[in-house]
Colleague: 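Mind looking over this structure? Questions follow.
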Amino acid sequence: MHDLVIRNALLLDGLGGAPFRGDLGISGGRILEIGKAKENYRETVDAGGLALMPGIIDNHTHYDAQLTWDPLASPSPALGVTTAIIGNCGFTIAPCRPADRELIMRNLTQVEGMALEVLRAGTRWGFETVPEFFDMLERQGVALNVAGFVGHSSVRTYVMGEDAPRRAATAAEVAKMKEIVLGGVRAGAIGFATSTSGNHNGYGGIPMPSRLADEAELRALTGCLAEAGRGVFMLTKGSHTSIPFLEEIAAASGRPVIVAALLHNNVSPRAAFDELEAIGAANARGRRMLGAVSCCPLTMDFTLHSPYVFEGLKAWKPALSLKGEAYRDLLKKKAFREEVRKEITDPSAGVRLFNGEWDKVYVEQTTIADLARDAGKDPLDAMLDLALSQGLDTEFSALLLNSDEEAVGRMLRDPNALVSLSDAGAHLTLFNDAGFGLHLLGHWVRKLGILSLEEAVRRLTSHPAAIFGIPGRGKLERGSFADLLLFDPARVDRGPKQRVQDLPGGGARLVTPPVGVHGVWVNGVKVADDKGMRKIDRMPGKVLREFDS
Ligand SMILES: [Zn+2]
């Protein structure tokens, strides 16, 4: 007797093949047969015509810290995700010496949108090196499959300590970093990740360490992937990192390069397309490069206590290290406001999170643009004055990027694009796009018809699996692992965002509930049903450490 058969499903193979009616049989965590089931099974599920696809591979998450206290990686599995890649942008928690734990957590607070108290209360530190971190996750168990990058910022901190966010590395330091990256990739990391983005700051506005790396350091560390003959290089690109430079890295290493984050910007509407085109041209010359795009509009909920939308601005820098009275005083200063205003409207400033679209910044039901007009004020003044009058507690919600559906639709269809950027596990108080896959299926397939169902499924499954060299996943084939998502194509979606306070120590975050999900299986074990996560007595996920070269 075999384990489970799902009968009468609309099967989507993940490879882009046309959907077809049939059964899928599972034995020992793998797909035994597909089409007309002939074997005998202990358990039968009648799908009643619902769609069955490979589980979603979320290639851009930040669950590194959360997984140490929450092996379920909530809320991703309930949203159809069966494999999560962690350590994106190079923000990992390994390697880390015991003495640097506070430093690493401080760095994460800003970029992960988690309070330092949450990280202190939650993070379990049973490791020092990258291989030890993977070993620990394996011992502890994970609900979904997890693969992790070696993270540049942590490697830098390990080698350079307090100097990591302050200066370029010496040749000796780069040599030490290379050893760690190579060791990590050989011990099962999926690649090497970094960030050169000006939006990525640690505690008190100190840049994330990787931002201090020069080109020689980046060439040296990505060279480890060539040496190991495996692994993907991912980076979140600042405006000073050029596609030609990344193409040089792709050529020298021979490895895939993932360029994040290509988000559509109404103020420079060509920018993301220019980058996709440049990536396409590089691919025509034999490289393997992809632009990481998002199928979600980038919105952020925030207060002026921690305004991530402004924190990447040069003009905001003086505010980053200030607290209390001193911070509020600065917000009142005319000269400070003038500089911020100048920067958010400067057409030559490159990629910014916020581009002065005040009609897309909401406070309750009205926009800052309307508020400013009614008060006869400049919008930035109107916003800061309002926040200051309410002790900075005013809650704003900003639609920042990726709001033009025609443009985003074209990006999603681009052959050089990788559907990505959920940032699940990070920015927890600002937004939650862990349900990006359900959004792709509901919004872009059913409501807008921008992608066919089978193509959208391919983009969420076999496409990332092929790029990252994840064997046996992302497709429904005999012998593949039984990572599955059963859903109703007529209803599938992510629900409205909700604020919950379930982080260690009572910290808050945003979540979105699944809609139209009927079952999620990881390695043949059902982890979620139409009511969300199920109680599971053993963690069915695997820490993925073997990849195709
Ligand atoms: Zn990220």
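Each ligand, and each atom within it, is numbered from 1 in the order the structure gives.
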Colleague: So is R545 actually on top of F134's ring, under 6.0 Å and inside 45° of the axis?
Modeller: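 No, a cation-pi geometry is absent between R545 and F134.
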Colleague: May I ask you to list the protein N, O or S atoms found at less than 2.8 Å from the Zn ion (ligand 1)?
Modeller: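 Listed by chain and number, the nearby protein N, O or S atoms are H60 NE2, H62 NE2, C89 SG, D423 OD1.
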Colleague: Is any NZ, NE, NH1 or NH2 atom of the basic residue among E173 and R167 found under 4.0 Å from an Asp or Glu carboxylate oxygen of the other?
Modeller: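 Yes, E173 and R167 are salt-bridged.
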Colleague: Measuring only between side-chain heavy atoms, which start at C-beta, is V142 closer than 4.5 Å to M539?
Modeller: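 The answer is no; the side chains never approach within 4.5 Å.
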Colleague: If only side-chain N and O atoms count, and only distance matters, is there a donor-acceptor pair under 3.5 Å linking S154 with T92?
Modeller: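 A pair is found: one side chain offers a donor N or O, the other an acceptor, under 3.5 Å apart.
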Colleague: How close do M411 and A272 get, heavy atom to heavy atom, and via which atoms?
Modeller: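 Nearest heavy atoms, M411 then A272: CE-CB, 3.6 Å.
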Colleague: For D58 and S422, test the side chains for any donor-to-acceptor distance below 3.5 angstrom and give the result as yes or no.
Modeller: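 Their side chains do contain a donor-acceptor pair, which is all the 3.5 Å distance test asks for.
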